[in-house]
Amino acid sequence: MNSSGAGIGLRTPGSRQNAADGHPQGRAANPARVYNYLVGGKDNYLADYEQAQRFLRIAPEVRDTALSNRRFLARAVRHVAGEGIAQFLDIGAGLPVNPNVHEVARAVEPRARVVYVDNDPIVASHGRALLTGSGTTTIRADLRTPEQILDHDELRRLLDPRQPVAIVLTFVLDYIADADDPWGLVARLMDWAAPGSCLILSHVTGDFTENPYRDWSGFTTPVSSAPRDRAGIQEFFAGLDLLDPGLVQLPLWRPGIGAEHDPSRVWAYGGVARKA
């Protein structure tokens, strides 16, 4: 959930005039736009701002977690691009927020090609409008129907399944219920990918959110979410070789040089694995 167009205001037929604080007024909060606000984007409505503020009043760690996810994504993309992977499939990409996956990858591997996927029609439309450069495309499809993604003409045009690809699933499996078998969906994607391909995955967890003083009563979110414990997230990497340091809280994954978030304020795990 991911831009060159962060300063361009999102407009849809359902939007109304700007409120006093400058946020365009929309009818309902949207997960992608709430996330966009949390990571500093501008493509969000008043309803998204208000939803984010409700989160932050109860748990200010939500913003730390969102920002840490963006930084993890950039580090992971740089790493696999440095290993020679030049194809990326970013599913649940969200609204564009600088830097995009293709921008990070091309700083290391100039030949990088990226297919962005999202099931939200607003997100997909916005991505097509902004991410128009050669070697990138945005398609509307749902992770719960992987064949819809893998058989798409635009994916087939840009990605060669005979060559390694990095499959990016950051903060998207959180929204796939156990009943939809998210582990099977990941396995199907990795079955399609060639040997040497990588899985870049991050997932919100409930492992660090037990606080009896937080009152979540009456709080609703735009979509259902399924935070999982570390063991449940580890299962997504079944049959793959996890790269060091394994599945860890996001700030602990190859942090490199520079300030990162206090792990105690980041409610998510991340990891990168390679297919043998």
Side-chain angles (χ1 to χ4, degrees), residues 1-2 31-32 34-41 52 55-83 88 90-94 97 99 101 104 143 166-178 182-183 186 190 198-214 216 221 224-274:
M1 313 189 68
N2 280 326
V34 170
Y35 183 87
N36 179 265
Y37 169 78
L38 289 170
V39 297
F55 269 121
L56 294 171
R57 280 194 294 271
I58 299 171
E61 296 91 340
V62 168
R63 174 169 274 142
D64 297 86
T65 300
L67 289 169
S68 193
N69 184 58
R70 291 292 308 163
R71 292 169 180 169
F72 161 76
L73 173 61
R75 295 195 304 275
V77 168
R78 280 196 298 269
H79 176 78
V80 301
E83 295 291 307
F88 294 81
D90 185 357
I91 302 175
V97 179
V101 166
V104 175
L143 173 58
I167 295 177
V168 180
L169 297 170
T170 54
F171 281 15
V172 61
L173 292 164
D174 319 62
Y175 298 104
I176 307 295
D178 289 359
W183 300 276
V186 173
M190 296 311 297
C198 285
L199 173 64
I200 297 173
L201 185 150
S202 63
H203 197 299
V204 170
T205 182
D207 288 357
F208 311 107
T209 58
E210 292 299 325
N211 186 332
Y213 299 104
R214 296 182 196 212
W216 295 93
T221 57
S224 61
S225 179
R228 297 180 172 94
D229 62 16
R230 189 179 185 280
I233 299 168
Q234 181 92 29
E235 290 180 31
F236 288 116
F237 296 98
L240 305 175
D241 298 326
L242 264 170
L243 306 186
D244 288 337
L247 180 65
V248 294
Q249 283 178 270
L250 299 180
L252 303 179
W253 197 89
R254 304 193 181 200
I257 300 172
E260 245 292 4
H261 289 90
D262 175 357
S264 70
R265 295 180 61 84
V266 175
W267 298 348
Y269 291 109
V272 179
R274 182 180 291 111

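- For the pairing with Val101, the side chain to side chain contact (heavy atoms under 4.5 Å, CB included) check across Val77, Ile200, Thr170 returns one residue only, Val77.
- Here CE of Met190 is found 9.5 Å from CZ of Phe237. Values are rounded to the nearest 0.5 Å.
- For Pro251 against Val266, the heavy-atom pair with the smallest separation is CG-CG2, 3.6 Å.
- Here the straight-line distance linking atom CG of Asp90 with atom CD1 of Ile167 works out to 11.0 Å at 0.5 Å rounding.
- The two residues Ser202 and Leu250 make their nearest non-hydrogen contact at CB-CD2, 3.9 Å.
- Residue pairs meeting the side chain to side chain donor-acceptor pair (under 3.5 Å) criterion with at least one partner in residues 230-247, sequence neighbours excluded, are Arg230-Gln234.
- The distance from atom CG of Asp262 to atom CD of Gln249, rounded to the nearest 0.5 Å, is 9.0 Å.
- In this structure Tyr269 satisfies the ring pair (Phe, Tyr, Trp, His ring centres under 6.0 Å) test together with Phe208, sequence neighbours excluded.
- Nearest heavy atoms, Trp267 versus Ala59: CH2-CB, 3.5 Å.
- Between the Asp64 side chain and the Arg265 main chain, no donor and acceptor come within less than 3.5 Å of each other.
- Here the closest non-hydrogen pair linking Pro245 and Arg254 is CD-CG, 4.0 Å.
- Taking 4.5 Å as the limit, some side-chain heavy atom of Val80 sits within range of a side-chain heavy atom of Phe88.
- Among the candidates Ile233, Leu240, Val272, the single residue satisfying the side chain to side chain contact (heavy atoms under 4.5 Å, CB included) test with Leu201 is Ile233.
- Here the closest non-hydrogen pair linking Phe171 and Ala66 is CE2-CA, 4.4 Å.
- To the nearest 0.5 Å, atom CG of residue Leu67 and atom OH of residue Tyr35 are 8.0 Å apart.
- Between Leu169 and Leu173, the closest heavy-atom pair is CD1-CD1, 4.2 Å.
- Taking Phe236 as the reference, Trp183, His203 meet the ring pair (Phe, Tyr, Trp, His ring centres under 6.0 Å) condition, with sequence neighbours excluded.
- With values rounded to the nearest 0.5 angstrom, Tyr37 atom OH is found 6.5 Å from Leu56 atom CG.
- Checked against Arg228 for a side-chain hydrogen bond (donor to acceptor under 3.5 Å, both in side chains), the options Thr205, Asp207, Asp178 give a single hit: Asp178.
- Put simply, OG on Ser68 and CG on Leu73 are 11.0 Å apart, with the number rounded to the nearest 0.5 Å.
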